[in-house]
Participant: 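First, the structure itself, so that you have it in front of you.
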Amino acid sequence: MTDTASPQRKGDLADAAATLPTQYAPAQVEEKLYERWVRAGYFEADAKSDRPPHTIVIPPPNVNGSLHIGHALDMTLQDAITRRKRMQGFEALWLPGMDHAGIATQNAVEKEIAKEGLSRHDLGREAFVERVWQWKGEYGGRILNQMRRLGASVDWTRERFTFDEGLSRAVQTIFKRLYDDDLIYRAERIINWCPRCMTALSDIEVDHHEDEGELVSIRYGDDAQSIVVATTRAETMLGDTAVAVHPDDERYKHLVGTEIEIPFTGRRVPIVADRHVDPEFGTGAVKVTPAHDPNDFEIGQRHGLPSLLIMDERGTITAHGPFQGLDRFEARPAVVAALREEGRVVAEKRPYLHAVGHCSRCDTVVEPRLSLQWWVKVGPLAAEASAAVRDGRVRIHPKELEPRYFAWTDNLLDWCISRQLWWGHRIPVWYGPNGEMVCVGPDEEPPGDGWIQDPDVLDTWFSSGLWPFSTLGWPDDTEDLRKFYPTSVLVTGYDILFFWVVRMMLFGLYAMKDRGPAQSVPFRTVSLHGLVRDKFGRKMSKSRGNGVDPLEWMDAYGSDAVRFTLARGANPGADLATSEEWAQGSRNFCNKIWNATRFALMNGAAPAAPPAREALNAADRWILSRLTAVTAEVDAYMEDYQHAKACEALYHFAWDEVFDWYVELAKGPLARGGAEADTTRAVLGHVLDVTLRLLHPYIPYVTEELWLALHAGGESDGESSGESGSASIVVAAWPTADGSRRDPEAEAEIAALQQAVTEVRRFRADQGLKVGQKVAATVTLAGRLAAHEAEIRSLARLTEPAEGFAPTATLQTAQATVQLDLSGVIDVAAERARLAKDLAAARKEIAGAEAKLGNEGFLGKAPEAVVEKIRTRLTEAQADVVRISSQLAALPES
RNA sequence: GGGCACAUAGCUCAGCGGUAGAGCGCUGCUCUUACAAAGCAGAGGUCGGCGGUUCGAGACCGUCUGUGCCCACCA
């Protein structure tokens, strides 16, 4: 924390720099800047503007959650995209909001009231929903508040909630439309039932994992006629209404068409032949329970079998008999035991690994159950959704993930949308006293006395599927909808590709179809990122304790550091590993930028249009050339959502080129003063100004703080500041590459200089010389390097040769020869070893190149540029051998 | 049971037809007129195995092994 500037120098410091401490302290700038940005209205999009729109709707976080590292990644990327577009002059809208998250939130509140010894049924529907709203008010805004911390440039005036009034109207509208188009229907089917949540679940809300089951073989029938079936769910036999065998199975052919008695029930059921049965599996005979198994249900349909429900909503056996009242998992062993008693267990239980469905919310084993539910007929909608990607109206990025998308759109089964919950959009259907049914639109009065509304609510993904247009005011034809739909890009993790992205495609294309094919898509591009993992690439989990709290990192290292860490790891569609050390590294980077800018300010640099070429020295021309190249590179990467690449390019340019070389090279001219120093100040100011603007989308806070300081002192130049002047980097112009500044000549020149300096430094390091230890040397330069002796001497810490100068070592690069007097210092043995190594490397090089050039196939087919490169390499290596050999010979005896 | 990825430096990952890269970590040196959250220099990979295509292959093809993920109603 010590300020190393000497007292005399301090007086020369620019005012702005004097106020900057030697370390960047995020806590002191973040809140202040965010408030200023919001107050200035920079994040508010104007639907009336004539700028081209750029729209992102946030994947709405669940109200019941708090910011986790995955959110932080998602939001950082969206913010970076939005900030760049805003700087480019787009009318950039990033719309924030939350999801009511039906089942998840209901569970959370149920858990809370359970602490008071209450269930939702104790409260009753209305009071319970009231309670959830209350809870939402209390905890709901947490993530949104955390977004502010992160620096998210969202338009707070447009914040939405999937359960707010407007969105509820959108839900009702689309339900009605789909209903009228026969794309929503009510039917009795086998659904996934969670006996704990007591609701139906859609297929994607069920997680299958391998569970250890027990397969037991049971004999049905009596001595006269019997058949053996195998099952893992013995209790379901109480609901069996048939036994099925394969039609070609010779073992059972004679039994088909006969009847057999189901134990305990006294029920006689038919033996049917069905192709679904696999004769190879188990005994080749299957018990058929149409009400509790999806396959069996289909067999039942094919053979006109009755369906018997034998469990209630809680999974308790309701079938009359000895097992009534038992839980399904108590009933299973009880049934097996009773069967054994009767001598019906033919083969004892054997362990059997099979996939069992679990509720994705509470992990309870899902019970397939025949039930009357509401469905979306997805076929026609999915065909559209598939076509939109196939014909390029919607681009999935990275493309490698397209097959996963098609795997869904091309195989989607009808979607069960009704849930037996209380927290959600109520199904807008009313039932009349005589079994009539009417679907009520948003502006219609519900029917009167004697009619009751369907008690169920809609799947939470039903409302979030409308998000890209419901948030913009649909079903009304609003200015926002006209201006900002279709949205530009959807940024989300690949893990909700089918939960959410597919739903938005289905609904968007349907609801907006009157706009025509190109304009109805919910987004032009889907940019998918991966999951954040720990430093070893492992999934983060509570039980493993390897999770990361982004807030903790923000506290410790600043928001920018967290953002940069995440963005830098974000390769399209790929998971990223992260750890605290990386956040530290990013923090260090921010600090480095801080200090480089601080140096510039201390030397009076200010953003200005860089002087004409003739006024510039080689270093200036080099860095401006590189700046142009990097600007183009970063711009292209960002346009293609390649954040990791963009960040890497910026990191290396800023640190390795600007800070480590240009700033060092600038010190000479700045110290010498005069016009030369003015030029350097202008170039340095310009380079930093552009670099800060390029970095701003990823690290908004530190760049703003420094950019303001940089503009506080000097003249603002129109090009760098953009039309909004120097009020904020948020609205400064996004840099464009100035092709006229490309300068291969200067790049080659500085590369040669770097090579020479590095060679000397390496030599010094090998000899164990201290930085402060002066070494006399002659420096002989050729070609482009001719004018750079002063820089080389300064950067390599070489002094002029004095009397009695006696060189003991020679260093040579392509355009520089440095002879050093190291009498008394040099470690001859080490030097000899080093040279021997270099010599061996050069000889290997020659051998490789000669082999290639002697290869006729190579000469015949390789492009001329490649051949030329190898020739050059050969020539250089040959020269190296000569040089090194002579150096070896010149070394004194040890 | 299907499908899709991935196997490159100690760790996490880029590179995807022309002499192996980054960050972190590691080693050595250094308070050098912005920064020790720094500077300088360095060590460390026969790019999972085996075949093939090619003048040339981490890179393309085949195959094997290993790992991960997604989907799936086999009782």
Side-chain angles (χ1 to χ4, degrees), chain A residues 2-6 8-9 17 20 22-24 190 203 208 215 229-233 236 244 276-278 280-283 285-289 293-298 352 354-355 357 368 400-401 403-404 407-408 411 494-495 497-498 533-537 539 557 568-569 571 573-579 581-582 584-603 644-645 648 651-652 659-660 663-664 667 671 758 761-766 768-773 797 844-845 848-849 852 855-863 865-866 869-870 873:
Chain A
T2 45
D3 190 335
T4 50
S6 61
Q8 329 52 315
R9 234 196 121 63
L20 294 182
T22 57
Q23 286 187 349
Y24 170 53
I190 292 275
D203 293 339
H208 292 268
L215 194 63
V229 298
T231 182
T232 54
R233 291 158 66 213
T236 60
H276 165 78
V277 179
D278 176 4
E280 304 293 315
F281 188 90
T283 61
V286 187
K287 57 190 278 310
V288 182
T289 323
D293 184 278
N295 294 314
D296 294 6
F297 180 73
E298 282 180 20
Y352 175 63
H354 63 153
E400 296 92 275
L401 289 172
R404 285 205 193 187
W408 273 86
N411 301 296
Y494 62 72
D495 55 326
L497 189 57
F498 0 102
R533 296 170 176 274
D534 77 1
K535 66 190 286 191
F536 301 113
K539 215 167 190 164
Y557 308 113
R568 206 180 171 192
N571 285 301
D575 290 349
L576 54 140
T578 189
S579 77
E581 290 85 63
W582 303 4
Q584 281 168 12
S586 301
R587 183 268 317 261
N588 295 355
F589 179 52
C590 293
N591 193 233
K592 187 73 185 176
I593 300 167
W594 180 266
N595 275 295
T597 309
R598 192 166 151 266
F599 167 82
L601 290 166
M602 288 164 87
N603 285 283
K645 296 274 178 54
E648 193 181 326
Y651 181 92
H652 283 116
F659 305 156
D660 283 347
V663 166
E664 291 306 318
K667 283 177 179 173
T758 300
R761 283 172 174 172
R762 184 189 302 142
F763 179 83
R764 293 179 56 111
D766 287 347
L769 295 178
K770 296 192 189 313
V771 167
Q773 200 163 345
R797 314 210 139 248
K844 194 176 160 197
E845 186 80 22
K852 275 217 153 159
N855 180 333
E856 278 176 36
F858 171 73
L859 291 176
K861 302 208 178 167
V866 174
K869 217 163 116 188
I870 293 186
R873 207 184 296 153

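By convention in this document, chain letters (A, B, ...) are assigned in the order of the sequence lines, proteins followed by strands, and residues within each chain are numbered from 1. Basis for what follows: all heavy atoms, side chains included, without hydrogens, waters or symmetry-related copies. Nothing here was measured: the structure is a model prediction, and the numbers come from that model.
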Participant: Please, what dot-bracket string fits RNA chain B when only Watson-Crick and G-U pairs with both distances under 3.5 Å count, crossing ones use [ ] and pairs to another strand use |?
Facilitator: ((((((((.[[[[.)..(..]]]].(((((.......))))).....[[[[[..)....]]]]])))))))....

Participant: Using a cutoff of under 3.5 Å, can you pull out all pairs of nitrogen or oxygen atoms linking the protein to nucleotides 43-45 of chain B, with atom names and distances?
Facilitator:
{"from": "B/rA43", "atom 1": "OP1", "to": "A/Lys837", "atom 2": "NZ", "distance (Å)": "3.4"}

Participant: Taking donor-acceptor contacts at under 3.5 Å, does the side chain of A/Lys592 reach the base of B/rC35?
Facilitator: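 A donor-acceptor contact between them is present.
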
Participant: Is there a side-chain contact between A/Arg762 and the phosphate of B/rG42, meaning an N or O under 4.0 Å from OP1 or OP2?
Facilitator: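 Yes, within the criterion.
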
Participant: Scan A/Phe297 against the nucleic acid and name what it touches under 4.0 Å (heavy atoms): base, sugar-phosphate only, or nothing.
Facilitator: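 No contact.
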
Participant: Just N and O in the side chain of A/Thr758: are any of them under 4.0 Å from OP1 or OP2 of B/rA41?
Facilitator: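 Indeed, a polar side-chain atom of A/Thr758 lies that close.
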
Participant: OP1, OP2 of B/rG15 versus side-chain N and O of A/Lys645: anything below 4.0 Å?
Facilitator: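 Answer yes for this pair, as a side-chain N or O of A/Lys645 is under 4.0 Å from OP1 or OP2.
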
Participant: Taking only the C1' atom of each, what is the distance from B/rC24 to B/rA43 in whole angstrom?
Facilitator: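 It works out to 16 Å between them.
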
Participant: Mind checking whether A/Tyr651 and A/Phe589 have parallel, tilted or perpendicular rings, split at 30° and 60°?
Facilitator: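 Tilted: the ring planes of A/Tyr651 and A/Phe589 meet at 30° to 60°.
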
Participant: For B/rG25 and B/rG68, measure between their P atoms and round to the nearest Å.
Facilitator: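 So the two P atoms sit 29 Å from each other.
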
Participant: What integer number of Å spans the C1' atoms of B/rU8 and B/rA22?
Facilitator: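 After rounding to an integer number of Å, I get 12 Å for this pair.
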
Participant: Looking across every strand, which nucleic acid part, if any, lies under 4.0 Å from A/Pro863 by heavy atom: base, sugar-phosphate, or nothing?
Facilitator: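 Base, at least one base atom sits under 4.0 Å.
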
Participant: Base, sugar-phosphate, or nothing: which does A/Tyr494 touch, judged by heavy atoms less than 4.0 Å apart?
Facilitator: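 Touches nothing.
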
Participant: Classify the nucleic acid contact of A/Phe659 as base, sugar-phosphate or nothing, counting any heavy atom under 4.0 Å across all strands shown.
Facilitator: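 Here A/Phe659 touches the bases of the nucleic acid.
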
Participant: Using the P atom as the point on both nucleotides, what is the distance between B/rC31 and B/rC40, in whole Å?
Facilitator: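 After rounding to an integer number of Å, I get 16 Å for this pair.
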
Participant: Assess whether one donor atom and one acceptor atom, taken from the side chain of A/Glu648 and the base of B/rA22, lie less than 3.5 Å apart.
Facilitator: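 A donor-acceptor contact between them is absent.
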
Participant: Can you tell me how far P in B/rU63 sits from the matching atom in B/rG3, rounded to whole Å?
Facilitator: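 That atom pair is separated by 13 Å.
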
Participant: For B/rG18, does the O4'-C1'-N9-C4 or O4'-C1'-N1-C2 angle fall within 90° of 0, making it syn, or is it anti?
Facilitator: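 You should classify B/rG18 as anti.
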
Participant: Hey, does A/Arg797 reach any base, or is it just sugar-phosphate, or nothing, if we go heavy atoms under 4.0 Å?
Facilitator: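 The answer is base, as A/Arg797 lies within the cut-off (heavy atoms under 4.0 Å) of a base atom.
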
Participant: If the C1' atom of B/rG10 is compared with that of B/rC69, how far apart are they to the nearest Å?
Facilitator: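 About 26 Å, rounded to a whole number of Å.
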
Participant: Using a distance-only criterion (donor-acceptor N/O pair, under 3.5 Å, no hydrogens), is the base of B/rA34 paired with the side chain of A/Glu664?
Facilitator: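 Donor-acceptor pair under 3.5 Å: yes.
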
Participant: For B/rG56 and B/rA5, measure between their C1' atoms and round to the nearest Å.
Facilitator: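 Their C1' atoms lie roughly 29 Å apart.
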
